[in-house]
Amino acid sequence: MVFGNMGFDSGTGVAFTRNPSTGEKLMMGEYLLNAQGEDVVAGIRTADPIENLSRQMPKAYDEFMKITSRLEKHYKDMQDVEFTIERGTLWMLQTRNGKRTAKAASK
């Protein structure tokens, strides 16, 4: 088990490897520092856009982008991912093919 609520060098988030509405290759998601996954999905706190992670935790963000790219290539489909960062170390918790609009699927 990993914990995203171990301080401000920890966090959790969810993301899509593409825009689920348009299919555009653009990482979309959100994360929270010092939080567990339920905090993101329950809307208890306002989450930050995933691109802000590149400024707050550049090493974890770079690793996240590399892994999600690899996952999309492997599964040959847009991925919906969940992750946790514990004390600066990225942990991928889950990935699955992402749900999207018909327009996005054709792209």
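Values below: every heavy atom of this structure, side chains too, minus hydrogens, waters and symmetry copies.
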Seminar exercise, completed: Rounded to the nearest 0.5 angstrom, the OG1-CD1 distance for Thr68 and Ile50 is 8.5 Å
For this session: Inspect the contact between Glu30 and Arg45 and indicate whether a charged nitrogen and a carboxylate oxygen are less than 4.0 angstrom apart.
Result: no
For this session: Any chance you could measure Tyr75, atom OH, to Arg96, atom CZ, to the nearest 0.5 Å?
Result: 12.5 Å
Exercise. Does Asn34 use its side chain to pair, donor to acceptor, with the backbone of Gly7 at less than 3.5 Å?
Worked result: yes
Problem set entry | Considering all heavy atoms, the nearest Val14-Glu82 contact | CG1-CG, 3.8 Å
For this session: Determine, stepwise, if the pair Asn19 / Met27 fulfils side chain to side chain contact (heavy atoms under 4.5 Å, CB included).
Result: CA-CA 7 Å; Asn19 182 315; Met27 182 65 69; over 6 Å; no
For this session: Please confirm whether the backbone N or O of Glu51 pairs with a side-chain atom of Ser54, one donor and one acceptor, at under 3.5 Å?
Result: yes
Problem set entry | Atom pair CD/CG of Glu72 and Asn97 - distance to nearest 0.5 Å | 10.0 Å
Problem set entry | Student check: side-chain heavy atoms of Asp39 and Thr12 closer than 4.5 Å | no
Exercise. Are Phe3 and Ile85 connected in a single hydrophobic cluster, I mean Ile/Leu/Val/Met/Phe/Trp/Tyr linked by side-chain heavy atoms less than 4.5 Å apart?
Worked result: no
Exercise. In Å, rounded to the nearest 0.5 Å, how long is the span from CG of Leu90 to CG of Asp62?
Worked result: 11.0 Å
Seminar exercise, completed: Residues Lys99 and Pro20: closest non-hydrogen pair is O-CB, 3.7 Å
For this session: Decide whether Val40 and Met28 are clustered together by the hydrophobic rule: side chain heavy atoms of Ile, Leu, Val, Met, Phe, Trp, Tyr closer than 4.5 Å, transitively.
Result: no
For this session: Determine whether Val81 and Leu26 fall in the same hydrophobic cluster, where Ile, Leu, Val, Met, Phe, Trp and Tyr are linked whenever their side-chain heavy atoms lie under 4.5 Å apart.
Result: no
Problem set entry | Closest contact, heavy atoms only, Gly88 versus Ala60 | O-CB, 4.4 Å
Exercise. Got more than 12 heavy atoms from elsewhere within 6.0 Å of CZ, Arg87?
Worked result: no
Seminar exercise, completed: CE (Met6) and OG1 (Thr89) are apart, to the nearest 0.5 Å, by 11.0 Å
Problem set entry | Electrostatic pair Asp77:Arg18 at N-O distance under 4.0 angstrom | no
For this session: Say whether Glu86 and Ser10, considering side chains only, have a donor N or O and an acceptor N or O under 3.5 Å apart.
Result: no
For this session: Answer yes if Val41 and Ile44 sit in the same cluster of Ile, Leu, Val, Met, Phe, Trp and Tyr residues linked by side chain heavy atoms under 4.5 Å apart, and no otherwise.
Result: no
For this session: With Phe83 as reference, evaluate Phe64, Tyr61, Tyr31 under the ring pair (Phe, Tyr, Trp, His ring centres under 6.0 Å) test and give the passing residue.
Result: Phe64
Exercise. Side-chain contact, heavy-atom cut-off 4.5 Å: Leu93 with Val2?
Worked result: yes
Problem set entry | Nearest atoms (heavy-atom pairs only) where Met57 meets Asp9 | CE-C, 3.2 Å
Exercise. Which value, rounded to the nearest 0.5 Å, describes the distance between Gln79 atom CD and Arg70 atom CZ?
Worked result: 13.0 Å
